[in-house]
Amino acid sequence: MTRRTTARATARGVVAALAVLAVTAGPGPLAVTADADNGAGGTAFAAEKVFQVDRYLPRRDRIYSAGPHGYLHAQEDRSGFLWTSYDTGTTTELGDLARLEVPAYLGSSSDVVADVVSPTQKVALRDLSAGTTTDVALTHGAYAATFGTHVLTQARDTAGNRVLWLYGDGAPAEGTLVDGWPTGITANFTVLGGDSGTAVLGYTLGNGTRHLALVDLATARVSGDVVVPVAPTGVALSTDRLVWWSDLKVAHVLDRADLSAAATTVTLPGTEGTPSVGIAGRWLVVACSVPWDPNNPTDKSGERLMAVPLTGGDPITLLRHANTSLVTAPDGSLLTVGGIDAGHWAARRITDTGADTPTLTELTAIPPMAARIAQLSLQNGTLATDEPNSTFLGAYYTRRIAADGTPGAPTWQTWNVRGAGPYATGDGQAVTFTAEPDPTVGSYVQSLDNTAGFFLPSAAGTVLDITGRYAIVNGSSPTKQYVGDLGVYTYQPILTRSVTAASVWGTSLWTPSSGTGVLTAKDLKTGKTTDTVSTGAPCVPKELQAVGRWIYWSCGPTATAGVWDRTAKKNIPVPAGQALLGDGYLVRHDTTAGALQLTAFADGTATTRKIGDLAAGTSSLRGVTWTVDKFGGPAAYVDADKRIHLVPSGVATQRLSAIESEVTDNAGESSAATNPWWHWRGLLSKPAASWQATLTSKATGAVVRTLSGGEVSGNLTAHWDNRDSKGALVPDGTYTFKLTAPAADGSGPALAVSQTVKVSDGAAVRRDFTNGAGWAPDGIGDALTLTSSGVVDYRPGNGTGGFGKTVAASGWHGPPP
């Protein structure tokens with residue numbers, strides 16, 4: 001973690017003397033007439049939202065055959081095989097089919113799908129466009145492939161030689177022995193490819209000579225034979241070309257009208273792996289099984305789909321990413337699968353239209369797969385996630401969740417190599433906890449942007465609670481509880497104590513006190529105890545969670561639990577279990593029922609409803625696969641399909657407030673002479689719809705500047721450059737800062753903040769020399785006096801026509817002796 005010094009300036013002397021911040025419930029645009037503390041009002045988030053984070057790797061989808069009306073394929077996360085129509089995009093589920101990794105095993109070049117009921121007895125030919133099925137009895141050998149409606153089997157004759165039989169499409173029921181088939185083939189031949197009229201098979205004679213045999217399926221005759229120097233990997237056919245290739249990355253292009261003529265050789269792109277090759281008019285199209293650039297991790301989503309002229313030449317890229325599906329359709333086009341990324345993955349047709357490059361047409365979009373969400377955290381409208389596979393390397397992301405529950409675009413933060421987390425803090429940041437067994441280093445909490453954090457002298461630990469700038473970590477080795485300030489860039493905990501139940505809200509650290517059920521709040525900025533409550537709990541709580549007026553306490557996961565209402569000063573019994581506190585509600589994982597349960601209690605009575613399904617019989621997954629936005633937001637969880645659910649509580653939230661705030665300026669710094677500024681920051685208890693602030697001169701009563709902004713959650717910041725609306729520096733003096741902000745959910749009155757600002761680096765005021773307590777001007781005219789002994793003094797004006805106590809005017813000399 002990068003060490004850095006504080007970026008915040010501190011107030012200096014009377015020049016930066018500022019009045020105590022006052023946060024009041026003022027009438028705003030969405031003010032309600034009900035008591036401000038009862039949470040009365042509506043909520044803008046009424047309906048559950050469900051969304052998916054896309055996996056980086058596209059959904060696997062392999063094409064097996066293509067006919068004139070549709071194509072056969074298999075898709076990840078769908079059982080069995082699928083037939084999809086070109087015209088309508090309608091997909092028919094065909095169920096499981098027996099399959100070997102052999103070309104045309106399930107059919108080729110037609111709408112017929114071969115269902116191999118028994119490889120030695122029967123094949124059912126299912127015509128998907130006609131909706132009919134034809135059974136073909138196999139009387140010789142074992143099933144090899146289907147081209148159109150022609151079924152091929154491989155058998156042995158009486159001498160033990162391999163022979164080829166043909167069934168279907170006019171052949172006798174008992175099959176036809178292919179005429180002209182070479183004799184002396186003692187090893188199995190191989191189906192390499194073909195189309196609806198021709199099958200291409202590879203065989204080896206006893207003398208080791210390798211051949212390609214072309215079989216005319218209509219006449220059941222061998223129509224051509226080619227001697228090849230090496231074993232072919234595959235073949236591709238067009239109306240006038242036969243192409244075969246091998247692992248040597250060279251394609252051999254033959255003229256089908258004269259197979260004895262010399263072949264043209266074409267070097268295939270890529271240097272590794274097994275290529276798939278198809279013909280599209282004048283082009284060889286090549287798909288690779290390994291990355292085009294093995295050192296480029298982005299190729300994990302799919303390799304380049306390339307095209308090379310049949311006559312040879314430089315390759316061009318057709319698709320940045322594609323899989324190895326490359327299937328010839330009856331019209332001579334090719335079908336493939338690919339796109340620029342998982343969100344644009346599709347089955348596509350490749351045709352040669354005579355242009356300078358082949359033309360690609362999308363047939364059917366392939367939806368992306370959901371990415372795995374290893375951990376999620378939601379606070380004040382910021383959703384932080386650990387996503388191991390939404391990019392080529394695992395990473396942490398954040399998303400803004402709008403007031404109506406709509407998720408925003410993801411923001412990449414950093415790679416997920418740190419440890420536990422991320423944990424949203426409620427002020428727009430997210431942090432992780434990294435355990436470090438080396439005592440010279442120490443474990444640490446660190447923001448994702450590396451701008452904040454603190455070390456703790458413990459070899460391991462767990463994050464107990466975070467609210468804004470304060471985090472609580474229970475460490476082990478040694479077993480201590482550490483409280484750190486994420487807002488002042490300190491690298492040591494601000495508090496080290498024994499491990500107990502604890503929670504932080506705003507600047508208040510809530511912990512058990514002496515006596516059963518008694519809790520105390522300590523202000524982390526001042527160190528003073530600010531509140532003591534007796535919850536009526538029958539134990540010293542084992543767990544505490546604080547959210548505004550609500551304090552959840554528990555005597556243990558299976559013991560008594562309740563919520564103390566600090567406003568009504570009463571206890572509300574709630575169900576026991578591993579729970580998280582929201583604003584007016586509680587969520588817990590019922591591991592017995594495998595359900596996520598939400599208990600609403602804002603009206604003083606606890607009512608429970610199921611909001612989602614989670615795995616039963618497992619340990620608690622709170623803060624990992626489910627969480628709660630305690631800043632007036634929803635519950636969130638990841639379902640079995642890896643989708644994220646945002647579930648509104650249905651409970652009116654507490655009034656909008658600033659639960660922690662600070663004021664800074666640069667008075668007294670050298671930069672103030674040319675660039676003075678004043679800054680207010682407040683951590684909101686829930687998102688605001690908008691905000692507006694005015695700065696009014698105390699001397700004239702005129703508004704000198706209006707600042708405003710749109711929807712904001714987490715930290716609301718108002719920055720004033722000490723200039724008026726025309727851009728001129730305001731006169732030195734006292735100003736009143738007033739800010740109003742209506743709640744984004746429409747519940748409760750608007751936030752109202754009032755603050756006194758003293759400007760001493762603005763435009764000079766006539767006769768303003770001092771402020772009575774220091775040398776900084778205060779915008780009020782002063783008197784310069786001369787005593788009877790000849791000493792010059794200042795009499796600072798009080799702004800009402802009077803003068804304060806005399807201040808010696810250093811630098812002025814009395815009369816000479």
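If you're wondering where the values come from, they're calculated on a predicted model, not measured in any experiment. Because only heavy atoms are used, hydrogens play no part in the values below, and waters and symmetry mates are left out as well, while side chains stay in.
The aromatic rings of Tyr143 and Tyr105 lie perpendicular to each other, with more than 60° between the two planes, well past the 30° mark. Aromatic ring orientation, Tyr71 versus His73: tilted (interplanar angle from 30° to 60°).
Under 3.5 Å, the side chains of Asp87 and Ser85 contain no donor-acceptor pair of N or O atoms. Inspection of the Asp639 and His645 side chains reveals an N or O donor paired with an N or O acceptor under 3.5 Å. A donor atom on one side chain and an acceptor atom on the other are not found under 3.5 Å apart for Thr264 and His252. Between the side chains of Asn161 and Thr183, no donor N or O sits under 3.5 Å from an acceptor N or O.
Shown are Val243, Val200, Leu212; of these, the side chain to side chain contact (heavy atoms under 4.5 Å, CB included) with Pro232 is made only by Leu212. Of the candidates Leu335, Thr359, Leu360, Leu360 is the only one forming a side chain to side chain contact (heavy atoms under 4.5 Å, CB included) with Ile350.
Ser325 places a side-chain N or O within donor-acceptor distance of the main-chain N or O of Ile63, the cut-off being under 3.5 Å. Between the side chain of Thr190 and the backbone N or O of Leu192 there is no donor-acceptor pair closer than 3.5 Å.
Taking a cutoff of 4.0 Å between a charged side-chain nitrogen and a carboxylate oxygen, Asp216 and Arg221 do not qualify as a salt bridge. We find that Arg256 and Asp240 are not joined by a salt bridge, their nearest charged nitrogen and carboxylate oxygen being 4.0 Å or further apart.
Cation-pi geometry between Arg418 and Tyr396 is not satisfied (NZ or CZ under 6.0 Å from the ring centre, within 45° of the ring normal).
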Ring pair (Phe, Tyr, Trp, His ring centres under 6.0 Å) assessment of Trp83 paired with Tyr64: CA-CA 10 Å; Trp83 178 266; Tyr64 288 88; over 10 Å; no
